[in-house]
Amino acid sequence: MTAPPDAAGAGCRDPVTGEPSGIVFDDVHKAFGRHHILRGLDLRVPRGKLTVLIGRSGTGKSVTIKHVMGLLRPDTGRIWVGDDELSRMDDRRLQKVRLRFGMVFQHAALFDSMDVFENVAFPLREHTRMAEGAIRDKVRGLLAQVGLHDAEDKYPSELSGGMRKRVGLARALVRDPEFLLYDEPTTGLDPILAAAMDKLIHDTQQAHPQLTSLVISHDMAAVLKIADKISMLYEGRIAHEGTADFFRNHDDPLVKQFLTGSLDGPMKV
Amino acid sequence: MPPSPPHPAPAPQDASGPEHARGGLLGRWAVRLVEMAGRPALTVLDGIEDVGRAVRIGGMGLANIAIPPVRLRLTIRQMEFIGVQSLPIIVLTSAFTGAVFTLQSHRAFALFGAEGMVGGTVGVALTRELGPTLTGLLVAGRAGSAMAAEIGSMRVSEQIDALEAMAVDPINYLVKPRMVAAMLVLPMLTALFDMVGVLGSWFVGTQVMGLSEPEFWVRLGEWVDWDDVWSGLFKAWIFGIIIGSVACYKGYYTAGGAKGVGIATTTAVVVSSVAILVSNFFIAWALP
Ligand SMILES: Nc1ncnc2c1ncn2[C@@H]1O[C@H](COP(=O)(O)OP(=O)(O)OP(=O)(O)O)[C@@H](O)[C@H]1O
Ligand SMILES: [Mg+2]
């Protein structure tokens, strides 16, 4: 493995939070056919912090998060997770890296052939030799934590969207990951459930100080409350990054428009 | 297959009379002819790419037999789904196939007084051809389609991504159990098809057409070798591999939401049925 260069790799500190970088994108390009989605993306996700990636629909936020887990591979450019560089990694090594992650999918992606309990227990059954009793305690504890202690026996088709996302969060947390990725955890939820989910994300981060989180979100009010760092994806690159305060007080028309949800500005519908 | 180009717009009508119109018509027919001749060629090319990918997915699924975990429970569940749940349709189809085949061959053999050949003829036809082929087609329609739909909907709802994100190889988890199950179950269902088919034949031959018991059984015992049975079961094993590979491949590469799942389901049935019939010929040719 080549040592990361000073400018980009995992060794460098994140300028916004001063923490070492947990995930680093260095000049990543990705195109689907003629659609050039990521165009030289440089992204740093500081360790032990909660970073939020914002950007309009279709700018490639989900594509970015899929690159972090090696579900998609960059056309050019490099991606580090800790000290491991993903882009040239073979599948077996990639599996090892994925074991350090938990991911909450945009539409939960629960296995619809399994009930809630089995969904959450799945990563434990696949990757550990935990005894059945220990698995039960762990899964029940997490389901209680996300407020779903009475939904154990339900199947995903019997759950509301908000419940599914919370089961997805429990499943992502069950192996105590180093990194936690959320793809639009609150989109499609009613305002109260969305606030509950934001609180859950915030509390999860507080409860696991070592956890490095990357959240994709549209919900600016919530983002400004929970984020340690905000990165804004625009036209395939990070247009702005900074703390919540930095974004609140920023004059850039792009930022202003996104924060206020205005129709006038550099972004056209 | 790319969508066929829109039909050439009709030539604007001018005053130059019928000759011109006929020329336009001929031209249009020529275009149609080329289009129609080109379509099978495209389909064949398409088919070859299909075959390559299906073989890759199926091959990886089989190669994964050597890679733990064994996935015994998932395999048994698939065997139950492909096998046990196919029992009624297999029994019904085989009984009536044996029955109608006996009816027709009895009529033909009666023309030259050779009714005694009915049992043997039906026995050989069932074990060598009808058993494996019809079982294959039935399972492709019933279980292959469901497999493609299930894997396809897992693809479009990102459940396959979720598997990968959790460091679980979807080939090992989804494809392997289905391949193994299809491969094991098809010969069993075929053996059942053969047996029930012979019973159906016996019923029509002896109870309806009036053959005596020895007339029916003697030739059957003389003509049907173990070789016939084995070659039928071997074919069934191949058909199981075909059904598993095609269904998993079509499901795995599903794109485009619910509509995509529908397309994957129907093409899985069509492709595996055609593959069964075509490969059946070549296996029959190659086997003694
Ligand atoms: N596997 C793929 N094949 C082809 N195109 C893709 C693929 N994945 C994403 N895209 C395209 O890339 C673009 C960005 O998609 P992405 O899902 O990352 O958007 P997003 O920023 O997450 O939007 P949203 O907020 O709506 O979820 C879209 O135009 C999408 O059509
Ligand atoms: Mg998205």
Side-chain angles (χ1 to χ4, degrees), chain A residues 32-33 62-63 65-73 89 91-114 118-129 156-157 161 164-165 167-169 171-175 177 179-184, chain B residues 2 56-57 60-61 63-64 66-78 80-82 85 143 146-178 181 248 251-258 260-261:
Chain A
F32 295 104
S62 297
V63 168
I65 222 168
K66 283 182 180 165
H67 276 85
V68 176
M69 302 216 61
L71 297 176
L72 291 172
R73 300 234 180 190
M89 209 173 253
D91 282 348
R92 293 239 333 252
R93 303 251 321 280
L94 202 53
Q95 300 280 59
K96 289 233 171 73
V97 173
R98 284 174 183 161
L99 287 175
R100 297 156 66 189
F101 280 88
M103 175 155 178
V104 184
F105 281 81
Q106 184 162 356
H107 304 287
L110 301 180
F111 301 119
D112 39 33
S113 59
M114 300 177 198
E118 287 304 321
N119 261 289
V120 179
F122 183 79
L124 296 177
R125 295 204 197 286
E126 282 293 317
H127 295 297
T128 70
R129 293 173 180 280
S157 58
R164 275 185 223 165
K165 285 195 177 176
V167 176
L169 176 57
R171 184 176 70 179
L173 284 170
V174 75
R175 291 190 62 256
F179 301 93
L180 194 50
L181 309 176
Y182 301 84
D183 195 350
E184 302 198 14
Chain B
R56 209 175 87 90
I57 289 275
M60 289 199 305
N64 260 272
I67 300 173
V70 181
R71 309 274 180 213
L72 193 60
R73 268 177 55 183
L74 290 175
T75 309
I76 291 173
R77 199 192 296 168
Q78 287 301 322
E80 204 255 321
F81 172 68
I82 304 172
Q85 294 183 31
M147 268 192 240
E150 189 184 7
I151 297 182
S153 74
M154 290 186 73
R155 164 64 73 196
V156 300
S157 61
E158 294 188 314
Q159 291 174 55
I160 293 183
D161 282 336
L163 278 175
E164 281 189 277
M166 286 185 261
V168 175
D169 180 5
I171 300 288
N172 190 289
Y173 186 80
L174 294 173
V175 178
K176 173 168 81 171
R178 286 167 173 80
C248 291
Y252 203 75
Y253 286 99
T254 300
V261 176

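Naming convention: chains lettered A, B, ... in sequence-line order (proteins, then strands); numbering from 1 in each chain.
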Checklist entry - Do B:D161 and A:M69 pass the side chain to side chain contact (heavy atoms under 4.5 Å, CB included) test, and can you show the C-alpha distance, the side-chain angles, and the key distance before you say yes or no? => result CA-CA 10 Å; B:D161 282 336; A:M69 302 216 61; over 6 Å; no
Item to check | Short N-O contact, A:K66 and B:E164, less than 4.0 angstrom | outcome: no
Which answer fits [X], side chain, backbone, both or neither, if we ask what part of it has an atom under 4.5 Å from a heavy atom of chain B?
{"X": "A:R175", "answer": "neither"}
{"X": "A:D112", "answer": "both"}
{"X": "A:L110", "answer": "backbone"}

Next on the checklist: Is it the case that over 12 heavy atoms from other parts of the model lie below 6.0 angstrom from the CZ atom of A:R125?
Outcome noted: yes
Item to check | Heavy-atom contact with chain A under 4.5 Å, split by part of B:L163 | outcome: both
Next on the checklist: Would you compute the distance between atom CD of B:E158 and atom CG of A:L71 and round it to the nearest 0.5 angstrom?
Outcome noted: 9.0 Å
Checklist outcome for this item: Residues A:F105 and B:A165: closest non-hydrogen pair is CZ-CB, 4.0 Å
Next on the checklist: Using every non-hydrogen atom in the two residues, find where B:V168 and A:H127 come nearest and quote the distance to one decimal.
Outcome noted: CG2-NE2, 3.9 Å
Checklist entry - Should the pair B:Y173 and A:F111 be assigned to parallel (<30°), tilted (30 to 60°) or perpendicular (>60°) ring geometry? => result tilted
Item to check | Part of residues 148-157 of chain B lying next to chain A, heavy-atom separation under 4.5 Å | outcome: B:M154, B:S157
Item to check | Where at least one partner belongs to residues 94-104 of chain A, residue pairs that pass salt bridge (Lys or Arg N to Asp or Glu O under 4.0 Å), sequence neighbours excluded | outcome: A:D84-A:R100, A:R100-A:E178
Checklist entry - Quick one: of A:H107, A:R171, A:Q106, A:E126, who has the most non-hydrogen atom pairs under 4.5 Å with chain B? => result A:E126
